[in-house]
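The structure under discussion is supplied below as structure tokens; questions concerning it will follow.
Counting starts at 1 for both ligands and their atoms, following the listed order.
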Amino acid sequence: MGYTLAQKIIRAHCVEGTMQVGEDIALKIDQTLTQDATGTMAYLEFEAMGVERVKTERSVAYIDHNTLQSGFENADDHRFIQSIAKKHGIYFSRPGNGICHQVHLERFGAPGKTLIGSDSHTPTGGGIGMLAFGAGGLDVAVAMGGGAYHITMPKMVRINLTGKLSGWVAAKDIILEVLRRMSVKGGVGKIIEYGGEGVKTLSVPERATITNMGAELGATTSIFPSDEITKAFLEAQGRGDVYVELAPDADAVYDEVIDIDLSKIEPAAAMPHSPDNVKSVREIGPIKVDQVCIGSCTNSSLLDMMKVAAILRGKTVAESVSLSIAPGSKQVYNMLAQNGALADLIAAGARILECACGPCIGMGQSPNSAGVSLRTFNRNFEGRSGTADGQVYLVSPEVAAASALTGVLTDPRALGDEPQITQPKEFLINDNMIVEPASVEDAKDIEILRGPNIKPFPKTQPMPAEICAEAVLKVGDNITTDHIMPAGAKILPYRSNIPYLSNFCFGVCDTTFPERAKAAGTGFVIGGANYGQGSSREHAALVPLYLGIRAVIVKSFARIHCANLVNAGILPLTFANEADYDRVSQGDRLCLPDVRARLQKGEALTLVNETTGETIELAHALSDRQVQILLCGGLLDYTREQNG
Ligand code: MIC
Ligand code: SF4
């Protein structure tokens, strides 16, 4: 029996476990990346591990999220990350150099390598045949220190692409179609491999758009084969030497196969407030648009920007629309400047932003009240834009640009012939914004620069014999980490200040939660299906930990958040029967009797609802290692214990 592409890379990196679906496997990690919103915490954790020099082949620290300096906090965090990178062997991508995933694809990614990043869209690297995972900061810190990355061996899904996209239909429309079919929880526990003849019609940036947004399926990761197109991209980046051809075996076995005929796909949009709420632009109709934002790690490549420039050339953005554009990297920005396309964007009235995440993470450009915002981004969760009642639609750059001109949601097929944009033979290569780490010798003298906003890691404690506490919060299905720990311009500066951040925990669902949790001292959170979908921010676990949450009991979890809860020492449990979700109400007094001993012995866990007198069966999918981590009080304590 042959292997799938992902299985081949897993086999080459597996240091523990066997490739049986559902088993815990440990992978050697070749590369890591961090961004600044999760990076400060990740490097504090790395420091706590006491490792002098990173043990990966390449680790890169990017500054791309917290790019508004409205006080000293973000600037201080950037200095901290820069100094720690220099000292410990990490490359540092300076603010202004671009969004981590775009720059990593351009300058560092390599087919066949493993990458973990403290950002859920790290699977963007799958566009060049990397096996790339989003992870919590603590997992990335462990990997930088040479530790393996643990995942549950996923199922293999093949998405078979046939045919060719018609004019004006984009890679974004392919992934929106996959989301429409599979939903935001359809990818949980799965690796999505793209294959078939249709793959040859897609450039690397298009493939990367698709693997990037595989995060919204909840997939462990997504990957494309590495072929002649990958080779041409890497050669154009002056990195042809890292190319290797990679494909699945002809007799590889997949758990699921999905066929997509590219010629049948239409321009589409994900409607508020979920990336899987997808309809064709034609079906939605010409709704009035207030704002258009083009950029983000999903759609900010040179190819995307050139298409947008061609659509806007010689025209003016509709009077009622605010259009902002953020190129994905300095390379893209600079090339647009040199070839004149930037002038077309400016002339048309676009507001050009720096190459960073920007509006995608609520760093500016919040829409007006109840405003309709079309975005080429990957997430349209409620409130994420910074405007509580903002109506965000996710679309391709083509739909975005066409609609910016008309002021209503527009099918770009109405614009006549599609402009033909080809990938350049050579990209503009200038790595002057990537700072190399100091030599081992020089590193000794480097001082780590810490600002006053950096507060200590929350207190952890070993798993107690039993947990008895109140259900301080009960929420429904598909709760995102943006609900649990919102981001945006007002809060992001406090990513290294958990006590301050805690005032905003679950703010989207219930602003009284922080106060009530503090008053209760310890507590449970009860949730529905796909709890914790979205970002990799470990703050969505560290802040509840700080607020005394000891266990989260839900119908099902999203992968990265579940791992983050374990790493923080919070027990992630599920109802053995989903219907039992209805047998717990907010405010009920709950008990997990003998929880420590039962976890140790591998015995079933039960929940006693002392308010109703009922006993409820629980389940968990914890590996033996995760049980050990929880018994110690979290991954930091576990790692310290392991290192003696
Ligand atoms: C996101 O897109 O939600 C983020 C902001 O990039 C997060 C990371 C974070 O919260 O810092 C992610 O995707 O992991
Ligand atoms: Fe940045 Fe948005 Fe991409 Fe997250 S999804 S890394 S915030 S651009």
Gln35 heavy atom under 4.0 Å from ligand 1: yes
Which residue and heavy atom of the protein sit nearest atom 6 (O) of ligand 1, plus the separation: Asp119 OD2, 2.6 Å
Test side-chain contact (heavy atoms from CB on, under 4.5 Å) applied to His121 and Asn378, step by step: CA-CA 9 Å; His121 290 103; Asn378 47 39; 3.1 Å; yes
Polar protein atoms near atom 3 (Fe) of ligand 2 [N, O or S; cut-off under 2.8 Å]: Cys297 SG
Numbered atoms of ligand 2 (with element) below 4.0 Å of His65, judged on heavy atoms: 1 (Fe), 4 (Fe), 6 (S), 7 (S)
Sub-4.0 Å atoms of ligand 1 with respect to non-hydrogen atoms of His65: 4 (C), 5 (C), 6 (O)
Any Arg384 heavy atom less than 4.0 Å from ligand 1: yes
His539, portion touching ligand 1 at heavy-atom distance under 4.0 Å: neither
Sub-4.5 Å side-chain heavy-atom contact between His539 and Ile498: yes
Lys/Arg-Asp/Glu bridge criterion (N-O < 4.0 Å) met for Asp77, Arg495: no
Sub-4.5 Å side-chain heavy-atom contact between Leu115 and Ile29: no
Close aromatic pair by centroid cut-off 6.0 Å: Tyr149 and Phe133: yes
Close aromatic pair by centroid cut-off 6.0 Å: Phe506 and His483: no
Test: Arg450 and Glu47 ion pair at under 4.0 Å: yes
Aromatic plane relationship, Tyr531 with His561 - under 30° parallel, 30 to 60° tilted, over 60° perpendicular: tilted
Ala37 neighbourhood, listing ligand 1 atoms whose heavy-atom distance to it stays under 4.0 Å: 11 (O)
Atoms in ligand 1 with a heavy atom of Thr38 nearer than 4.0 Å: 9 (C), 11 (O)
His104 and Phe108 aromatic ring geometry - parallel, tilted or perpendicular at 30°/60° bounds: tilted
Minimum-distance protein heavy atom relative to atom 13 (O) of ligand 1: Ser120 OG, 2.6 Å
Atom 11 (O) of ligand 1: nearest protein contact (heavy atom, Å): Arg495 NH1, 2.8 Å
Check: Phe233 ring centre within less than 6.0 Å of Phe427 ring centre: yes
From Lys172, Gln102, Arg375, residue fulfilling side chain to side chain donor-acceptor pair (under 3.5 Å) relative to Asn299: Lys172
Close-contact set for ligand 1 against Ile361 heavy atoms, below 4.0 Å: 5 (C)
Shortest protein heavy-atom distance from atom 10 (O) of ligand 1, along with the residue and atom involved: Arg537 NE, 2.6 Å
Of all pairs that satisfy side-chain hydrogen bond (donor to acceptor under 3.5 Å, both in side chains), the ones with a partner from residues 382-391, not counting sequence neighbours: Arg384-Asp482
Glu206-Thr209 side chain donor-acceptor pair, cut-off 3.5 Å: no
Atoms in ligand 1 with a heavy atom of Ser536 nearer than 4.0 Å: 12 (C), 14 (O)
Minimum-distance protein heavy atom relative to atom 12 (C) of ligand 1: Ser535 CB, 3.1 Å
